Amino acid sequence: MDWLINLFTNSESVAHIALLYAIVIAVGVYLGKIKIAGVSLGVTFVLFAGIVAGHFGFTAPTPILTFIQDFGLILFVFMIGLQVGPGFFESFGTAGLKLNALATSMILLNIAVMFGCYYIFFDTSNPTSLPMMVGTLYGAVTNTPGLGAANEALSSVFGANAPQIASAYACAYPLGVLGIIGAIILVRYICKVKFEQEEAALEEQSGAKATQKPHHMHLEVTNKYLEGKTILQVHNFLNRDFVVSRILHDGHVSIPNRDTIFHLGDQMYIVCAEADYEAIVAFIGPVIEVNWDQQDQPLVSKRIVVTNPKINGKSFGDMHFSSVYGVNVTRVTRHGMDIFASPSLPLQVGDRIMVVGPEDAVDNVAHKMGNSIKRLDAPNIATIFVGIFLGIIFGSIPFIPAMPLMKLGIAGGPLIIAILIGRYGYKIKLVTYTTTSANMMLREIGLVLFLASVGIKAGAGFFETVMQGDGMLYVLTGFLITIIPILIVGPIARWKFKFNYFTIAGMISGTYTDPPALAYSNSICSKEAPAVGYSTVYPLAMFLRILTAQLIVLFFCG
């Protein structure tokens, strides 16, 4: 039995360290699935499992814990950045700009309330009080990457004597989850919202961008001006993008290209952006029903997956589908959303394109695009580690040469590089596509490694902090940090900016990067408004949470 005792007690052995993480992560994940009043703490329970293990002396050498903690954090924030990157800059539309401004206001209010609580309730002469309040702040807003960024910055400032702010985080987190949902409910009653009216208002709004959502229709050419004009001439005159997928002329169906000539009475199948269809109908002719049975050669419609890395970043205009391949591409499916295939739209690995044409021509396009689902199953490991390499270097560059501690660090640097690679990687031939399951797997592995390490390191002094120290004060101040900004910004978003309540609920959930709050918001709405509000502000909110964690520590905790 000595070997078994040694396995659990010899903290220097690799087997002991692997066993430690396996037990902490497995127990934490299983306990996190337990729901109380319909709410669970999820994977964050790994932190509490680590605290218990650390409290009872089940631990590992500090350098090993620190390495695993930092590597897990890097992997976690990089995969988040890679996921949100493609939509990060597109989220700043007219409504998106307002929602992101409200989210930014809420983040600044969280920080302001934290400082207010710090000066009212805590001993400001104690150098550990403010760092512990930073931990409370990130527990109150349920933002684990911010905790990681703050931890990393504190290590730069305090070195080996950095305060264990995970204790304060753990105190504030549970009530933070409940407080966000409770505050969302309070906003409903403060603003006197009725769900039926909000659902009816959503019915009147388009669920997708009219400039991107494809519209399909059959038209007959009745405008005499178009007789003898080519598709390219009509396109240039209208100054609107559209694709003529097939055309019926003199009883024969064919695949047109830019030089195909319009004749009165021609019938055609057109795909365009939803915002343009009325103008196109008014100019070309009325919508009709068409029978495509008569055709010179069999035409097929086929969805083709872009998996060839050489295609990554090329626009539809660059590919010349109609003139070179004799086919037309009518729309693209990207991240579950249909997008009109405009000539300027760049193709990305993972896109699914709808191709119409003769079967042999469509097969040629499929070969050119790759069309290998199996190839998509493997994550692009090289891109991930190239990005991490660049992110660590970027995060190590001081903002101000005279202040070497003013840098983004191993959390902020990889996050920004991942966002840029996710959005613009195709321009430098980097294939950034990963399946959702692969992204989630790598992200969750990074997260649980980080949480387990933080919990184990904080476990030794956690219960003393809660029972004998300021634990209950962290719970109280964390609750105030959670709800006060929501109760201020929520009504403003409703009364001043006239946002739908469900959109506001999603925006609040995204600002706090809190999945349980989003799950609640989705449960009270039959539409996608909460998810849209969440995804609109989530990228910027995550970025600001991580960045402000480091700025607070570097400017105020030194």
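FYI, side chains are in, hydrogens and waters are out, and symmetry mates aren't considered; it's all heavy atoms of this structure. Throughout, numbering of the chain's residues begins at 1 and tracks the sequence. Not measured: the values here are computed from a predicted model.
The one candidate from L154, T136, I552 that meets the side chain to side chain contact (heavy atoms under 4.5 Å, CB included) condition with P131 is L154.
Here the straight-line distance linking atom CG of L476 with atom CD1 of I481 works out to 9.5 Å at 0.5 Å rounding. Atom CD1 of I388 and atom CD1 of I421 lie 9.5 Å apart (nearest 0.5 Å). Here CG of L97 is found 9.0 Å from OG1 of T104. Values are rounded to the nearest 0.5 Å. Distance CG/L137 to CG/N143: 8.5 Å, rounded to 0.5 Å. The structure places CD1 of I486 at 11.0 Å from CD1 of I185, a figure rounded to the nearest 0.5 Å.
In plain terms, the two heavy atoms of A172 and Y474 that are nearest each other are CB-O, 4.1 Å.
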Going by atom type alone, with no hydrogens or angles, which donor-acceptor pairs under 3.5 Å involve a side-chain atom of residues 441-451 and a protein atom two or more places apart or on another chain?
| from | atom 1 | to | atom 2 | distance (Å) |
| --- | --- | --- | --- | --- |
| R443 | NH2 | Q83 | OE1 | 2.5 |
| R443 | NH2 | N439 | OD1 | 3.3 |

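The backbone N or O of F499 lies less than 3.5 Å from no partner atom in the side chain of T503, so there is not a single donor-acceptor pair.
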| Could you walk me through whether V332 and R352 pass the side-chain contact (heavy atoms from CB on, under 4.5 Å) check? | CA-CA 6 Å; V332 184; R352 286 168 168 78; over 6 Å; no
| request: Could you walk me through whether R545 and Y138 pass side-chain contact (heavy atoms from CB on, under 4.5 Å), step by step? | output: CA-CA 8 Å; R545 293 290 187 196; Y138 284 94; 4.2 Å; yes
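For L65, the side chain to side chain contact (heavy atoms under 4.5 Å, CB included) partners two or more places apart in sequence, or in a different chain, are Y21, T59, A60, I456, K457.
Surrounding CZ of F115 are more than 12 heavy atoms belonging to other residues, nucleotides or ligands, all under 6.0 Å away.
Sorted by first then second residue, the side chain to side chain donor-acceptor pair (under 3.5 Å) pairs that include residues 487-497, not counting sequence neighbours, are E198-R494.
A donor-acceptor pair shorter than 3.5 Å cannot be found between the side chains of Y169 and T142.
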